[in-house]
Amino acid sequence: MIRLILATLLVTLALDAQAAPDTCHVTGTAYDYAGLPLPSAVIRLVDRQTRLTAYRETDASAAFAFADLPADSSGQRYQLDVLSPATAVTGSHILTRSVLGIAPAFACAAGHGVHADVRVAVR
């Protein structure tokens with residue numbers, strides 16, 4: 001009986017260790033220049049180490065989330081931007097966006113989440 005309990009405990013500990021994530025997640029809210037929530041805004045997450053980007057649209061309450069990001073504790077790996085609506089460049093069909101606000105760079109430790117808000121800095 002003791003062997004069975006010990007074996008169960010060891011298997012549980014092994015599964016917990018195996019399930020320990022090496023990723024992190026980021027959540028936040030987008031705000032306009034007056035501090036009001038900004039639904040349907042486009043948020044860009046920039047990995048400053050790899051230069052990869054990901055995009056999310058905020059929901060009706062202006063919330064956004066990015067999951068399964070590579071963990072890093074340097075304090076400077078990730079940056080969030082809020083972008084303008086897409087507009088066509090004059091004389092072309094190329095859509096472009098402008099950066100309206102930038103949040104300070106931050107770290108995202110393994111197995112943890114970060115809450116980082118971003119605010120439009122211009123009217």
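Hydrogens, waters and symmetry mates are skipped; everything else that's a heavy atom, side chains included, is used.
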So, applying side chain to side chain contact (heavy atoms under 4.5 Å, CB included) with Cys108, which one of Val26, Asp47, Asp72 is it? Val26
Spell out, as yes or no, whether a donor-acceptor pair under 3.5 Å connects the side chain of Asp117 to the backbone of Thr29. yes
Is there a side-chain contact between Phe106 and Leu80 (heavy atoms, below 4.5 Å)? yes
So which heavy atom on Ala71 is nearest to which on Cys24, and how close? CA-SG, 4.3 Å
For the pair Leu38 and Val120, evaluate side chain to side chain contact (heavy atoms under 4.5 Å, CB included) and give the outcome as yes or no after the intermediate values. CA-CA 9 Å; Leu38 192 60; Val120 171; 3.6 Å; yes
Side-chain contact, heavy-atom cut-off 4.5 Å: Val82 with Arg119? no
Of the non-hydrogen atoms in Ala88 and Leu95, which two are nearest, and what is the gap between them? N-CD2, 3.8 Å
Arg44 side-chain N/O to Tyr55 backbone N/O, donor-acceptor pair under 3.5 Å: no
Is there a chain of hydrophobic side chains (I, L, V, M, F, W, Y, each step under 4.5 Å between heavy atoms) that links Tyr31 to Leu100? no
Heavy-atom nearest pair, Ala41 first then Ala30, reads CB-CB, 4.4 Å
Mind checking whether Arg48 and Arg77 have side chains closer than 4.5 Å, heavy atoms only? no
From CG (Leu45) to CD (Gln79), nearest 0.5 Å: 9.0 Å
Are the side chain of Ser84 and the backbone N or O of Ser98 linked by a donor-acceptor pair below 3.5 Å? yes
Does Tyr78 reach the side chain of Val114, with side-chain heavy atoms less than 4.5 Å apart? no
So Arg97 and Val42, do their side chains get closer than 4.5 Å, heavy atoms only? yes
Asp32 (side chain) donor-acceptor with Leu36 (main chain) under 3.5 angstrom: yes
May I ask you to decide if Leu83's main-chain N or O and Asp81's side chain share a donor-acceptor pair within less than 3.5 Å? no
Ring of Phe64, cation from Arg56 - is the NZ or CZ under 6.0 Å from the centre and inside 45° of the axis? no
Heavy-atom side-chain contact between Thr87 and Thr96 under 4.5 Å: yes
